[in-house]
**Q** 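I'd like to ask you about the structure that follows.
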2 protein chains.
Amino acid sequence: MFNIESFECPIMATIAMISDKWKILIIYRLCNGTMRFNELMRSLQGITQRVLTQQLRELEADGLVSRKIYPEVPPRVEYSLTKVGRTLLPVLEKLEEWARKHSGELIAARNKATAQLEKLKNRVKA
Amino acid sequence: MFNIESFECPIMATIAMISDKWKILIIYRLCNGTMRFNELMRSLQGITQRVLTQQLRELEADGLVSRKIYPEVPPRVEYSLTKVGRTLLPVLEKLEEWARKHSGELIAARNKATAQLEKLKNRVKA
DNA sequence: GGTAATAGTATCCAATTGGATAGTATACCA
DNA sequence: TGGTATACTATCCAATTGGATACTATTACC
């Protein structure tokens, strides 16, 4: 979690805000509209309650998500993307565009690296 | 380190490629041109040799950085951004643009969260 | 012969992240 | 009365990340 202004690179601050494992998925779930905690829990297969709470709190602290508590029992809490959170979506789309455009090259590079690692492992065995 | 195609979200794969602590800084050092290992070491204050090696190898495996070994003694290895690595720069600029444009709101949200945390801490003390 | 440079590797460790599991107070329902 | 739902908190743990430190082989230089 980086401070935007006190760090030389606002890019790293932005990436730090969204790079924890579930944050992009949470943001995308919320871009369809308001959701409650257990709705998010159910839609994010594999996440635990502790991690969902933690990452929602951090997204709220970063100003990307808002949290509205209704004074009811049992508790009703609604999570939404903030206005600022919504402005991040086109930027994430640029990341996706880039990844799709270059997926061939990226996969080729990955395969090459994997092959070289296998080669090295076999050499160490011999 | 995510696999682009096997994961539902290429955005997360891209972020995974660049979110380790030093990777953005390495990319930006290399966008000015080829550098050698110790040049990078010296220009990245605080990094250790083990971490620089590791993160360079990962950037190479991801196809963003190329590594050229000259058969010399002492060893001469040159690191450069690949063509694909260079295409990432405008995307990173979009992230920076977004962060600068919304820095006021992001800082306000952070301050609000910090204030609420202090309030909670004081309440627990009482 | 000692020192420095090169680009790492090896080993250990502290801190962090994400996961697993159990528990919470109240209302509702069969 | 017990089960379920809600939105968490609490505690513990395994895995990962980044850092610290020492070492490596060879050459060049003084």
Side-chain angles (χ1 to χ4, degrees), chain A residues 1-2 7 12 15-26 29-30 34-62 65-80 113 116-117 120-121 123-124, chain B residues 1-2 7 12 15-26 29-30 34-62 65-80 113 116-117 120-121 123-124:
Chain A
M1 193 179 280
F2 282 97
F7 193 82
M12 290 175 61
I15 288 173
M17 281 189 244
I18 58 178
S19 61
D20 291 338
K21 182 175 174 179
W22 297 95
K23 285 181 175 173
I24 295 288
L25 292 169
I26 293 169
R29 292 299 182 276
L30 294 179
T34 294
M35 288 179 80
R36 293 176 66 175
F37 185 91
N38 274 358
E39 288 181 290
L40 281 164
M41 270 296 301
R42 286 191 288 270
S43 88
L44 296 166
Q45 289 295 312
I47 200 169
T48 64
Q49 292 174 323
R50 198 192 73 79
V51 170
L52 180 57
T53 301
Q54 181 196 16
Q55 301 204 355
L56 278 170
R57 293 304 173 94
E58 285 171 13
L59 287 167
E60 182 190 4
D62 289 332
V65 160
S66 71
R67 175 168 177 267
K68 187 171 185 180
I69 303 169
Y70 294 81
E72 301 176 6
V73 174
R76 175 154 70 105
V77 178
E78 288 181 353
Y79 291 94
S80 314
Q116 280 180 335
L117 201 65
L120 201 68
K121 276 177 181 169
R123 191 170 289 161
V124 164
Chain B
M1 192 179 281
F2 283 96
F7 193 81
M12 290 175 63
I15 288 174
M17 281 190 245
I18 57 178
S19 61
D20 292 338
K21 184 176 174 179
W22 296 94
K23 286 181 173 174
I24 294 289
L25 292 169
I26 292 169
R29 292 299 182 274
L30 294 179
T34 294
M35 288 179 80
R36 294 176 66 177
F37 185 90
N38 274 358
E39 288 182 291
L40 281 164
M41 271 296 300
R42 284 190 290 270
S43 88
L44 296 166
Q45 289 296 314
I47 200 169
T48 64
Q49 290 175 323
R50 199 192 72 80
V51 171
L52 180 56
T53 301
Q54 182 196 16
Q55 300 204 356
L56 279 170
R57 292 306 174 94
E58 285 171 14
L59 287 166
E60 181 190 5
D62 290 331
V65 160
S66 71
R67 176 169 177 265
K68 188 173 187 181
I69 303 169
Y70 294 82
E72 300 176 5
V73 174
R76 176 155 68 106
V77 179
E78 288 181 351
Y79 291 95
S80 314
Q116 281 181 333
L117 201 64
L120 200 67
K121 277 178 183 170
R123 191 171 288 161
V124 165

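A note on names: the letters A, B, ... follow the listed sequences, proteins ahead of strands, and every chain is numbered from 1.
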**Q** Classify the side chain of B:R50 and the base of C:dG8 as holding, or not holding, a donor-acceptor pair under 3.5 Å.
**A**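 Answer no: no donor N or O sits under 3.5 Å from an acceptor.
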**Q** In whole angstrom, give the distance that lies between atom NZ of A:K68 and atom C1' of D:dA7.
**A**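 Rounded to whole Å, this separation is 17 Å.
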**Q** In terms of side-chain heavy atoms of B:Q49, which of C:dG8, D:dA20, C:dA5 is nearest?
**A**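 The answer is C:dG8.
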**Q** Select base, sugar-phosphate, or nothing to describe what A:E39 touches, counting heavy atoms under 4.0 Å on all strands.
**A**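 Since no nucleic acid heavy atom lies under 4.0 Å of A:E39, the category is nothing.
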**Q** Assess whether side chain to side chain contact (heavy atoms under 4.5 Å, CB included) is satisfied between B:F37 and B:L52, documenting all intermediate values.
**A** CA-CA 8 Å; B:F37 185 90; B:L52 180 56; 3.8 Å; yes
**Q** Whole-Å distance between C:dC12 P and B:Q54 CD?
**A**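 B:Q54 atom CD is separated from C:dC12 atom P by 17 Å.
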**Q** Report the nucleotide, chosen from D:dG19, D:dT26, C:dA7, that has the shortest atom-to-atom distance to any side-chain atom of B:V73.
**A**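 The nucleotide sitting nearest to the side chain is D:dT26.
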**Q** Could you check B:R67 against B:V65 for side chain to side chain contact (heavy atoms under 4.5 Å, CB included), going step by step and ending with a plain yes or no?
**A** CA-CA 7 Å; B:R67 176 169 177 265; B:V65 160; 5.6 Å; no
**Q** At what distance, to the nearest 0.5 angstrom, does CD of A:E39 lie from OH of A:Y79?
**A**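 Answer rounded to 0.5 Å: 12.0 Å.
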**Q** Taking the side chain of A:T53 as heavy atoms from C-beta outward, which of C:dG18, D:dT9, D:dT6 is closest to it?
**A**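 Nearest to the side chain of A:T53 among the choices is D:dT9.
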**Q** Of the nucleotides C:dG8, C:dA7, D:dA7, which has the atom closest to the B:R67 side chain?
**A**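 Within the option list, the nearest is C:dG8.
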**Q** Compare side-chain N and O positions of B:R76 against OP1 and OP2 of D:dT26 and report whether any pair is under 4.0 Å apart.
**A**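 For D:dT26, neither OP1 nor OP2 has a side-chain N or O of B:R76 closer than 4.0 Å.
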**Q** Start at the 5' end of DNA chain C and walk down; is the nucleotide closest to A:P74 or to A:W22 reached first?
**A**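 With A:P74 and A:W22 compared, the 5'-side residue is A:W22.
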**Q** Can you tell me how far the CD1 atom of A:I26 sits from the CG atom of A:L44, to the nearest 0.5 Å?
**A**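 It is 6.0 Å, given to the nearest 0.5 Å.
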**Q** Looking at the side chain of A:T48, which of C:dG8, C:dA20, C:dT26 is the nearest nucleotide?
**A**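 My answer, after comparing the listed nucleotides, is C:dA20.
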**Q** For B:L40 and C:dG8, give me the distance from atom CG to atom C1', rounded to whole Å.
**A**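 Going from CG in B:L40 over to C1' in C:dG8 covers 13 Å.
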**Q** Please report the distance, rounded to the nearest Å, between CE in A:M41 and C1' in C:dT21.
**A**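 Distance, rounded to whole Å: 12 Å.
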**Q** Using a 4.0 Å heavy-atom cut-off across all strands, classify B:Y70 as base, sugar-phosphate, or nothing.
**A**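 Nothing: the residue B:Y70, judged by heavy atoms under 4.0 Å, touches no strand.
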**Q** Between D:dT17 atom P and B:E58 atom CD, what is the distance in whole Å?
**A**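 That distance rounds to 7 Å.
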**Q** In whole Å, I'd like the distance from the CD1 atom of A:I69 to the P atom of D:dT6.
**A**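 Going from A:I69 (CD1) to D:dT6 (P), I get 17 Å.
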**Q** From C-beta outward on A:P75, which listed nucleotide comes closest to its side chain: D:dG18, D:dA7, C:dG8?
**A**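 Output: D:dA7.
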**Q** Heavy atoms from C-beta onward define the side chain here; which of C:dG18, D:dT6, D:dG18 lies closest to that of A:K21?
**A**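 Taking heavy atoms from C-beta onward, the closest nucleotide is C:dG18.
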**Q** Taking B:T34's backbone N and O only, do any of them form a donor-acceptor pair with B:E78's side chain (distance below 3.5 Å, no angle check)?
**A**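 Looks like no, no N/O pair under 3.5 Å.
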**Q** Hey, what do you get for CD1 (A:I47) to CG (A:L40), rounding to the nearest 0.5 Å?
**A**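 Reported to 0.5 Å precision, the distance equals 8.0 Å.
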**Q** Tell me which of B:R57 and A:I47 sits closer to the 5' end of DNA chain C, going by the nucleotide each one is nearest to.
**A**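 The answer here is B:R57.
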**Q** For A:R42 and D:dT4, what is the distance between atoms CZ and P respectively, to the nearest whole Å?
**A**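 So the two atoms are 14 Å apart, to the nearest Å.
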**Q** Provide, to the nearest angstrom, the distance between the CG atom belonging to B:N38 and the P atom belonging to C:dG8.
**A**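 About 9 Å, once rounded to whole Å.
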**Q** Closest approach to the side chain of B:V77, judged atom by atom: which nucleotide of C:dA27, C:dA7, C:dG19 is it?
**A**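 My answer, after comparing the listed nucleotides, is C:dA7.
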